[in-house]
Protein chains: 2
Amino acid sequence: MKSTVGREEKEVFGAYLSKNHLKRSEQREVILDTFLRSDRHLSVDDLLQMVQKRRPDIGRTTVYRTLKLLQSAGLAQELALDGQSRFERDYKREHHDHFICKSCGAIFEFTSPDIERLQDEIAADIGFAIEGHRHQIYGSCRSCTSRASRAEARRSP
Amino acid sequence: MKSTVGREEKEVFGAYLSKNHLKRSEQREVILDTFLRSDRHLSVDDLLQMVQKRRPDIGRTTVYRTLKLLQSAGLAQELALDGQSRFERDYKREHHDHFICKSCGAIFEFTSPDIERLQDEIAADIGFAIEGHRHQIYGSCRSCTSRASRAEARRSP
DNA sequence: GTTCCTGCAAATCCTTTGCAAGTTC
DNA sequence: GAACTTGCAAAGGATTTGCAGGAAC
């Protein structure tokens, strides 16, 4: 059960550690493995809780620090939401942006080469060299919208 | 000098206060007036400093609270950047997004009806009702890019 | 043995809140 | 005078840092 998840990513992480004269540790292994098994878009707290189910003695600080390493290694990417950050896998994944439902918190990914191209064109017009971007669309997802309209219908039938 | 800036916005704010049984105060007037005279995209600290040049006794808390009111009144809009928020005028301004230069901090606005339309289409596909969005593009502006390449040329001529 | 890691507690940063005193209506 | 505002200090939440003890190399 433990061995087959994210083998490639684990190798990448190992290589990253070696190259930077950093050390392996059981904490780092557990955190990475948990991260790779999880749903996408977890907060530090989500990850900490899952990690602590396996190793209750792993602290929040270590989770923060390991997530930083995973980002440097190209394995995780931070989604800077309003109040807190969330993290998602980033290894060999194509670029995408996010819809975020304000009522249930669900996050949907989308890609749009057209939007990317338009961005690039506008940037070129003003001589701006793009390094990254954040494109988050807030609103209400399909199920929250229909739940809301059902509730509305009940109120004034 | 004092009277002609943002007359319309000041009326809107007055109306907003009345409608909500809130009170006028000199602090609120100074903060709004300072906000309206300023450059765009100020942080709370920027605004506080400018305000305190005119009325050193106005506190940071009041600036925060007044900015909240200005947002509710439709006069200001928050730009949620990474570390801290910035605020810009929002009255009768068309929707736009931002380029943010990581080296000098400059912020450039852009509008793209095409991007907006594409967003709407993608949202419609998944049944997502858009309420707002955040679209920030990070990188290096024209002058920072050319400054960097001049420095590079100097190093290896 | 040296260098790196870890977890705790404390510190930091930005923002909000409780409260007593002061203003506006 | 009732209701709202203000500024201070304290609280809050997310993230970072100092440090002494522990682990990896």
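In what follows, chains carry the letters A, B, and so on, assigned in the order in which the sequence lines appear, proteins first and then strands, with residues in each chain numbered from 1.
Among residues two or more places apart in sequence or in another chain, the side-chain contact (heavy atoms from CB on, under 4.5 Å) test is passed with K23(B) by none. D120(A) pairs by the salt bridge (Lys or Arg N to Asp or Glu O under 4.0 Å) definition with nothing, not counting sequence neighbours. With sequence neighbours excluded, the residues forming a side-chain hydrogen bond (donor to acceptor under 3.5 Å, both in side chains) with K92(B) are E8(B), listed by chain and number. With sequence neighbours excluded, the residues satisfying side-chain contact (heavy atoms from CB on, under 4.5 Å) with S25(B) are Q27(B), R28(B). For D125(B), the salt bridge (Lys or Arg N to Asp or Glu O under 4.0 Å) criterion is met by no residue, not counting sequence neighbours. In this structure, the side-chain hydrogen bond (donor to acceptor under 3.5 Å, both in side chains) partners of R93(A), at least two apart in sequence or on a different chain, are E109(A).
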For nucleotides 21-25 of chain C, which of its nitrogen or oxygen atoms have a protein nitrogen or oxygen under 3.5 Å away, and what is each distance?
| unit_1 | atom_1 | unit_2 | atom_2 | d |
| --- | --- | --- | --- | --- |
| dT24(C) | O2 | K23(B) | NZ | 2.9 |

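As a whole-Å value, the separation of Q84(A) CD from dT15(C) P is 16 Å. Atom C1' of nucleotide dC8(C) and atom CD of Q52(A) are separated by 13 Å, given to the nearest angstrom.
Near DNA chain D, meaning a heavy atom under 4.0 Å from it, residues 62-78 of chain B has T62(B), R65(B) in order of number.
Along DNA chain D, the stretch of nucleotides lying under 4.0 Å from any heavy atom of chain A spans, 5' to 3', dA14(D) to dC25(D).
Residue whose closest nucleotide on DNA chain C sits further toward the 5' end, between T61(A) and N20(A): N20(A).
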Side-chain donor-acceptor pairs of residues 59-75 of chain B under 3.5 Å, sequence neighbours excluded:
| unit_1 | atom_1 | unit_2 | atom_2 | d |
| --- | --- | --- | --- | --- |
| R60(B) | NH2 | D45(B) | OD1 | 2.2 |
| T66(B) | OG1 | T62(B) | O | 2.8 |
| S72(B) | OG | K68(B) | O | 3.1 |

For residues 77-85 of chain A, which side-chain donor-acceptor pairs fall under 3.5 Å, sequence neighbours excluded?
| unit_1 | atom_1 | unit_2 | atom_2 | d |
| --- | --- | --- | --- | --- |
| E78(A) | OE2 | S85(A) | OG | 2.4 |
| D82(A) | OD1 | R134(B) | NH2 | 2.8 |

Donor-acceptor contacts under 3.5 Å from residues 12-20 of chain B side chains, at least two apart:
| unit_1 | atom_1 | unit_2 | atom_2 | d |
| --- | --- | --- | --- | --- |
| S18(B) | OG | G14(B) | O | 3.0 |
| S18(B) | OG | R24(B) | NH2 | 3.0 |
| N20(B) | ND2 | Y16(B) | O | 2.7 |

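None of H95(A), H98(A), H135(A) except one satisfies the ring pair (Phe, Tyr, Trp, His ring centres under 6.0 Å) rule with F110(A); the exception is H135(A).
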